[in-house]
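Chain identifiers are assigned alphabetically (A, B, ...) following the order of the sequence lines, protein sequences preceding nucleic acid strands; residue numbering begins at 1 within each chain. Atoms considered below: every heavy atom in the structure, side chains included; atoms not considered: hydrogens, waters and symmetry mates.
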There are 2 protein chains.
Amino acid sequence: MSLEDSEFEYFCSLLEENTFKKKEYLLQSGQLCNHHYFIIECLVRTFYFDDSGTEKIVQFGIENWWVTNMDSFIKQKPSSVNIQALEPTTTLSIRKDILDSTYDKLPKIERLFRIITENWLIAQQRNSHFYMKASSKDRYFGLIKSIPNFTQRVPQYMIASYLDITPEYLSELRKTH
Amino acid sequence: MSLEDSEFEYFCSLLEENTFKKKEYLLQSGQLCNHHYFIIECLVRTFYFDDSGTEKIVQFGIENWWVTNMDSFIKQKPSSVNIQALEPTTTLSIRKDILDSTYDKLPKIERLFRIITENWLIAQQRNSHFYMKASSKDRYFGLIKSIPNFTQRVPQYMIASYLDITPEYLSELRKTH
DNA sequence: GAATTTCATTAAGATATCTTAAGAACGAAT
DNA sequence: ATTCGTTCTTAAGATATCTTAATGAAATTC
């Protein structure tokens, strides 16, 4: 499947360009997530606070990925997570209402997003299965291999949060590699 | 979005009904997954063998869920996992080639599967985040609450495999509830 | 229904991971 | 350069989880 030039151009006209400073939020919990972001340049994290007030990172997003809180975006309910830029960020985004009406006008766009969602699901499953079955150590080294310069771009305590281990223990793991 | 009666009827005509005996495979690793199954009645598990030959269960599927190995089905590559009936099973299934050509003929069906995939992704993410952050004990009690009669339907060592803990330790967890 | 196999429990000692607390390294602010 | 705050490391004792092995219970086979 591919778009005609004119279709591609039309689609691009629907996108907004956004910039965020380091530490700025793309989405805060409680808000309705109305944008689907395509990350041009940067690194973002998705996280929430657990009952004891500790930050829990559930996802990192990098260049060339779509990022949103699907649960809030699709079902139009308040987000339970925050999405925050960890680096100065540029994104292209499309609004929920515009996307929905574009589906009606241009079936090819609906197909595009069907395929994007399928690929996202596949990636999510692969990731989830790896996360479920691998040891902390393998998860750590798998993670830093999958994102370029990850250890330079993100403080270690955030990686520990994502892996759901303590920073102290992560420090231990790195030593014995 | 909803289908006209005639569209619904047409779509149904594309489905095959399948039955599987207990322990029979819907899909074996190495095969191409050509079917997307809708489970009418039963419980299936998706699993693989790790390097040391141990079964690792990555997913259970129940009534009214779609089950397939997306990675193999969508990308048409050999499956890395097995899908097996744990109970006598009835499914409706649609073949990959038929589904693809139906997308071209009936955009509403493409929409239907876009939405199914979106919902699947949302469920997968919710599940994955819970799995990543919860304790073994919470994961166990969360799991058995989410599937009716789960402890009666599935041997405990399979639940342990899914949770990635030993059956002995699961036994311990149940005791101290 | 006895024999066999599969599954679940229990317990002891081993390993993985956490908690707490302290010190070291680094960068930002003065 | 000094100070301060943040992040990372180290270590000791605590808790979670695993391994192994034995026993008991349930299901399956003959």
**Message:** Please check if the number of heavy atoms outside A/E41 that lie under 6.0 Å from its CD is greater than 12.
**Reply:** no

**Asked** Take atom CZ in B/F8; do more than 12 heavy atoms of anything else shown fall under 6.0 Å from it?
**Response** no

**Whether B/T68 side chain and B/M70 backbone form a donor-acceptor pair below 3.5 Å** = no

**Prompt:** Of all residues at least two apart in sequence or in a different chain, which pass the salt bridge (Lys or Arg N to Asp or Glu O under 4.0 Å) check with A/D50?
**Reply:** none

**Asked** Is the B/Y162 ring parallel, tilted or perpendicular to the B/Y131 ring (thresholds 30°, 60°)?
**Response** perpendicular

**Residue met sooner reading DNA chain D from 5', once A/V154 and B/S136 are mapped to nucleotides** = A/V154

**Prompt:** Counting only N and O atoms by type, is there a donor-acceptor contact under 3.5 Å from the side chain of B/K133 to the main-chain atoms of A/I57?
**Reply:** yes

**Request:** Would you classify B/S135 as touching base, sugar-phosphate or nothing, given that sugar-phosphate means primed atoms plus P, OP1 and OP2, and contacts are heavy atoms under 4.0 Å?
**Result:** nothing

**Prompt:** Do any of residues 156-171 of chain B sit with a heavy atom less than 4.0 Å from DNA chain C, and if so which?
**Reply:** B/Q156, B/Y157, B/E168, B/S171

**Request:** Please list, in 5' to 3' order, the outermost nucleotides of DNA chain D lying under 4.0 Å from any heavy atom of chain A.
**Result:** D/dT7 to D/dT10

**Request:** May I ask you to decide if A/F113's main-chain N or O and B/R114's side chain share a donor-acceptor pair within less than 3.5 Å?
**Result:** no

**Message:** Tell me if a side-chain donor or acceptor on B/T19 pairs with a main-chain N or O of B/T89 at a distance below 3.5 Å.
**Reply:** no

